[in-house]
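The structure under discussion appears below in the form of structure tokens.
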Amino acid sequence: MRTALFWEPWQGKTAAGSTAGHTVTHNAGNNSCVRCTLCFHACVIAEGRAGFCGVRVNRGGMLYTLVDDNVASMGLDPVEKKPLFHFLPGTQTLSLGTYGCNFACTFCQNARISRSPADTGRFYKGDPVTARRIVDYAKERHIPSISCTYNEPTVFYELVHDIALEASKAGRRIILVSNGAMSAAALASLKGLVHAANIDLKAFHKDFYSRICSGSLTAVLDNLVRMKAMGIWLEVTTLVIPGLNDSEQELSSIAGFIRDNLGPETPWHVSAFFPCYKMQDRGPTPPSLIHRACELGRAQGLHYVYGGNVSRPEDEATFCPSCHTPCISRQGFRVLSACTGVCPSCGTPIAGVWA
């Protein structure tokens with residue numbers, strides 16, 4: 001167990017209904033409370049308790065992380081599975097995750113590792129790792145990137161940062177697959193260390209984020225803009241859930257935000273929902289809705305819009321934004337044709353980071 005980063009002693013008094021994220025109502029004014037500053041929750045945590053994520057705990061007035069060296073899952077994936085379609089396409093990435101999350105999405109697809117510490121109050125020990133060993137594994141197998149994924153990378157920030165430092169020495173790239181709701185300070189400290197990110201933009205109204213995800217739309221939107229300014233290659237994913245975030249107005253608003261704030265060259269992935277975890281009250285997303293979302297994104301001026309889970313071949317292909325020639329064809333997570341970063345027909349650059 002290692003001392004966590006991004007926290008401070010808490011001297012204030014926290015009462016029920018406070019605007020400070022995950023709060024405590026007992027012993028809130030004593031010297032043993034700490035405030036975690038890793039994400040938007042700014043949890044005030046009493047002695048012996050954990051924050052909202054379930055994996056950052058107060059022991060004797062110090063904040064510790066339970067997931068510093070604790071991997072729940074690790075394996076090799078196509079980078080397209082993250083999904084990243086414009087970052088080293090056709091290559092593999094070494095993917096790893098730990099436990100815990102700073103969201104509580106009722107439709108979580110990885111609840112076993114993301115929500116189990118907070119839901120059960122128990123922490124399951126995974127496999128011990130070191131940042132050096134992870135990077136060496138990627139280097140020995142000529143894997144060009146390492147993806148922090150499966151659960152939310154924010155809550156295992158210390159491991160992410162250590163891996164990124166080691167990777168920078170070994171010429172490996174770092175990818176985040178994230179909800180995008182870390183604190184501005186935590187994100188800034190990763191400048192120059194993270195090369196690509198796929199960020200979930202789950203909806204475009206605050207009520208969805210607070211009621212369905214225990215999250216913050218404002219934090220995500222602000223961080224997307226910050227990541228763009230930091231030079232991180234960005235791709236955005238929206239899981240389209242029937243009856244919740246599937247209106248044409250909402251989908252068009254998401255696409256418009258991406259166009260205006262991240263640039264029309266930013267890829268947008270729209271994926272189909274399937275019932276899971278606590279959201280069993282509705283059926284899967286109809287394929288027609290994913291196809292319509294793709295159309296709306298293109299109508300808003302986005303150059304690269306992709307359908308996931310129930311897509312047609314044309315919804316997985318990359319087309320030249322100028323002449324509409326197919327530049328990359330895909331089947332599932334498999335790239336069927338290579339791309340050098342320019343349209344083979346007219347020479348227009350295709351946005352992305354190419355091998």
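Just so you know, these numbers use all the heavy atoms, side chains as well, and skip hydrogens, waters and symmetry mates.
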Just by distance, no angles: are the side chains of E152 and S178 close enough, under 3.5 Å, to form a donor-acceptor pair?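 Distance-only check passes for E152 and S178.
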Side-chain ion pair, [X] and [Y], N-O less than 4.0 Å:
X	Y	result
R282	D246	no
R298	E295	no
K228	E265	yes

Might you confirm whether atom [atom1] of [X] has over 12 heavy atoms from other residues, nucleotides or ligands at distances under 6.0 Å?
X	atom1	answer
E8	CD	yes
Q249	CD	no
R59	CZ	no
R334	CZ	no
R259	CZ	yes

Kindly assign one of parallel, tilted or perpendicular to the pair H86 and W354, based on the angle between their ring planes and the thresholds 30° and 60°.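 Geometry flag for W354 against H86: tilted rings.
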Hey, what's the ring geometry for F107 with F273, parallel, tilted or perpendicular (30° and 60° as the breaks)? perpendicular
Applying the side-chain hydrogen bond (donor to acceptor under 3.5 Å, both in side chains) criterion to N179, which one of N223, T154, N102 satisfies it?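 Result for side-chain hydrogen bond (donor to acceptor under 3.5 Å, both in side chains) with N179: N102.
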Walk me through it: do E166 and R133 pass the test salt bridge (charged side-chain N to carboxylate O under 4.0 Å, His left out)? CA-CA 9 Å; E166 290 291 337; R133 184 68 195 106; over 6 Å; no
Tell me, with the steps shown, if Y306 and H269 meet ring-ring contact (aromatic ring centres under 6.0 Å, His included). CA-CA 5 Å; Y306 301 106; H269 303 262; 5.4 Å; yes
Steps toward ring-ring contact (aromatic ring centres under 6.0 Å, His included) verdict (F6, Y157): CA-CA 9 Å; F6 294 102; Y157 170 87; 5.2 Å; yes
